[in-house]
Every structure is written in structure tokens, then in C-alpha cells.
Protein chains: 2
Amino acid sequence: MSSHKPDTRTKILESTWKLLETTTGDDVRMSDIAKQAGVSRQAVYLHFPNRVDLLIATTRYLDEVKDSDGRLAASRSATTGLARLDAFIEAWGNYIPEIFGVAAALLAMQDKDPAAKEAWSNRMQAVREGCEAAVKALDRDGQLRPDLEREKATDLLWTLLSVHNWEQLTNACGWTQDAYVDAMKALARRMLVCET
Amino acid sequence: MSSHKPDTRTKILESTWKLLETTTGDDVRMSDIAKQAGVSRQAVYLHFPNRVDLLIATTRYLDEVKDSDGRLAASRSATTGLARLDAFIEAWGNYIPEIFGVAAALLAMQDKDPAAKEAWSNRMQAVREGCEAAVKALDRDGQLRPDLEREKATDLLWTLLSVHNWEQLTNACGWTQDAYVDAMKALARRMLVCET
DNA sequence: TTCCTTCCTTGACACGGTGTAAAGTTGACA
DNA sequence: TGTCAACTTTACACCGTGTCAAGGAAGGAA
């Protein structure tokens, strides 16, 4: 796991990550990744069968390094529904910028490659489960708007917290990360919680 | 302009449109479009310098045929701010599914081609102006939440009404078009309008 | 030492899609 | 009859992905 000199596979994953962070999605070719890793292009194919699998592996590597599970799990310890909602939004909302490069690359291949679609869909399903749990907790507290079924509420929260919305607000509209998180928290409450 | 037998250029645009409606984005190749139009691949290049320009031209053609300007303009005639907000959401929200095929194709090329990015950005800017006008009308009526500046409110409404959000709710979550429009209207009010 | 194995390199190539180039066809118009 | 414009046909260059085969370097076992 924590060997001193990184093996080739890890070097490739690190390089992919770095390149996707700095340049945008489709500009990252297999040869670029190989060069960055100081390895031949064929060595990359020795470890990953194709580009899509490499990107998917990179997201898994990122999750591992960044401990995405641990972060999202933290929101589970909140007692009240409202606290749980806030904690989840904070955890996920602050995770987005860290994975955005890789996410955007994977997102860009969605309609080109079914495996990419599947991989992204799986990851978003995990986020959806977090939304569902938050909605459930709100409902248990009797705080969910009566005109909203749990599933619809989950759909809305999930959509609100999409990577695309984060990108639009922070990149296109120039919001700071903090402004984004605060706005999402406020919006989620207005969207889901009944008036006090 | 309105000749009886459609010229080649129009046939190509119609074919592009049709193909983008049925199949998904990147699967539509120049040769597919040519075949669908009953024309040689080179004839396509005779009318459009490259794929991106063809896609952009197709969106403009669609706008013309569907009278997008006229539709969005209708919301301008509403008297109250609330009516204007509703009318705009209805007009734009119901326009999305009609242009989605072409929009998705253009969207998919965004980070591959700067011209596509530019074209899409221009179109979204028009939508943003609609949002801005609705927010302004609300504010003039004294209905805009006091904790929201006009620009932030515009950003939020614009983000809420993004094509991606429409896709996620209708495609991924399976909402009907009507449910989508109703939810967006309700949400926009909760987001922007101060409590009565 | 020699041999074997594993990981990696080098160089070549097939494939598919975009875009270019050039010569030939067709039909309208004068 | 000639000319012009629109379109076809064929061929090709380019680029990125993915495949294939031969060979080299390092390390362990005999």
C-alpha cells in the first residue's frame, strides 16, 4: 500500500489525475498521460485495457486517497434531520471541486462510451443515497414539506447538488466555493423543509 | 427563403436535426448525416466547413423553425413579476425538450471545440437574460427576497433552469414534462420570492 | 554462472472519423 | 454551343485509440 517508490500503476493514476486537473477533459491523450508518468504509451495499456477504464480507475483511486466514504459518512452521525442535511451538503459540496477534473472527463465520455456512463451513474447513485438519507431524516423529524413525497424530494435535492450546477455557479457565475455551499444549504432548506 | 423544393443546405440541416433527435450525440457522423440527406459526404462540407459549424447552424435553424424568440418574448407581456416568472419558466421549460437532441450534441463538444463552447455560451446567455428580466420584474414588484441581490437571484434561476437539470429530472428521475414545469415554477418561487 | 520470469520499451500497424484535394458529371441558362 | 454552379467520386493526409511482436533490463532460483 504505502511503498516508498510508487509503482508504475500508481504513477499512471497520479499522472492522469494531475493532467485532468490542469487541462480540460478531452485534451488529455493516452500519450500525454504516458509522458507525464515517464513511461511508454504501451505501458499504460499494460495496466489499463483502454482509456475509459483508466479514467474510471482514476476516480476510484481518487476516492481512496481522498477518503470520500469517510467524508460522506460523517454526515451520518448528525442527530437532527436539519443537521444531517447541512452536513451532507457541506461534505459533498466541498468534495466536488476536488474531483471535478476527473469527473468532467468521465462526464464528457458518457454518450460515447457505455462503460463511462455506467461508472458515472454508479457514483451518482451513491450521492443519491446520501440525499435520500437526508430526506428520510428530515421526514422522521416531521420537517419535510407535506406536499413533497420522499422520492420527489430526493430527486430535487440530488439535482440541486449536481456537479453541473456546481460548475455553473462557481465557474460560469464566478461564485466562491463558500458562497456555493452556503447557497445550497439555504436553498435545500427552502426547497424541502416546511415553514416553521 | 421559402422555396418549394428544399435546397441541399436545408435537407442537410433537417437531417442533422432528425438524427440528433433519435440517436445520441456523438454517434452522429458526417457520413450519417449525408446519407440521411441523400447527398454525398462532400456535399455537406460544401455547405458547412466542419462538424461544429454544422451543429451550430442546426441550432440556429431550429430556433428559426420553432420561433424561439417569439415564444420567449411572450413572457415579456406579463404584467406582474410573478406572472412573468411563471410565463418564462413555462416557455423555456417547454422549449428544452424540443431542442434537447441538438443541444446535447453541442454540449458534448464543448470542451473539445472552443467554437462549440462559444455557440452554446451565447445561447445560454439569451436564457440568462430572460431570467434577469424575470428577476427584475419581481424586484420591481417588491417581491424579491431581501437577502438576494438581483445578480445572485439571476444566477440561481438560470442554474435551476439549466438543460442538465431538465435532463436529470425527466430522463434520470423519470418525471413527466408537466411535473418538471410545475416543480420548477414552485421552486423558483420558493427560491426567489419573499414570504407573503 | 545460467536460466527464467516479470515488467517495460520500441516500432510497426490496423481502424475509424474528420477534413482536403482534384477531376468528372449534370443541368440550367444564355 | 459554351459556361457556370452544384454535386459526385475517389483518393488521401492526419490523429488518436488500441493491437501485436520482438527485445531489453533487473532480480530471484538453481
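A, B, ... follow the sequence lines: proteins, then strands. Residue 1 opens every chain.
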Please determine, by modelled atom types, if B:Trp166 and B:Gln177 share a side-chain donor-acceptor pair under 3.5 angstrom.
-> yes

Of B:Arg51 and A:Gly38, the one whose closest DNA chain C nucleotide lies more 5' = A:Gly38

Considering only D:dC7, C:dT9, C:dT18, which nucleotide approaches the side chain of B:Ala43 most closely?
-> D:dC7

Separation of atom CG in B:Asp53 from atom P in C:dT20, rounded to whole Å | 11 Å

Does A:Arg41 get its side chain close enough to the base of D:dG18, under 3.5 Å, for a donor-acceptor pair?
-> yes

Among D:dT19, D:dT8, C:dG19, which nucleotide sits nearest the side chain of B:Leu46?
-> D:dT8

A:Ser40 has a side chain; which of D:dC7, C:dT10, C:dT18 sits nearest to it?
-> C:dT10

When the distance from CG of A:Asp32 to P of D:dT17 is rounded to whole Å, what number comes out?
-> 8 Å

Rounded to the Å, how far apart are B:Ile12 CD1 and D:dA6 C1'?
-> 11 Å

Just by distance, do the side chain of B:Asp141 and the backbone of B:Gln143 share a donor-acceptor pair under 3.5 Å?
-> no

Residues, nucleotides or ligands: over 12 heavy atoms within 6.0 Å of A:Lys112 NZ | yes

Flag side-chain contact, heavy atom, 4.5 Å: A:Pro97 against A:Thr170 = no

Using atom CG of A:Asp7 as one end and atom P of D:dA26 as the other, report the distance to the nearest whole Å.
-> 18 Å

Which listed nucleotide (D:dG18, C:dG19, C:dT9) is nearest to the side chain of A:Val39?
-> C:dT9

Would you say a side-chain N or O of A:His47 is under 4.0 Å from OP1 or OP2 of C:dC7?
-> no

Would you kindly give the CD1-to-P distance between A:Ile33 and D:dT17, to the nearest whole Å?
-> 8 Å

Just how far, in rounded Å, is C1' of D:dT17 from CG of A:Leu54?
-> 13 Å

Establish, from distance only, whether the side-chain atoms of B:Asp63 and B:Tyr95 form a donor-acceptor pair under 3.5 Å.
-> yes

Take atom CZ of A:Phe48 and atom P of D:dG18, then tell me their distance rounded to the nearest Å.
-> 13 Å

When rounded to whole Å, the CZ to C1' distance for the pair B:Arg29 and C:dC15 reads 13 Å

Quick one: label A:Arg9 by what it contacts on the DNA or RNA (base, sugar-phosphate, nothing), any heavy atom closer than 4.0 Å.
-> nothing

Answer with yes or no whether A:Gln42 presents, from its side chain, a donor or acceptor under 3.5 Å of a partner atom in the base of D:dT19.
-> yes

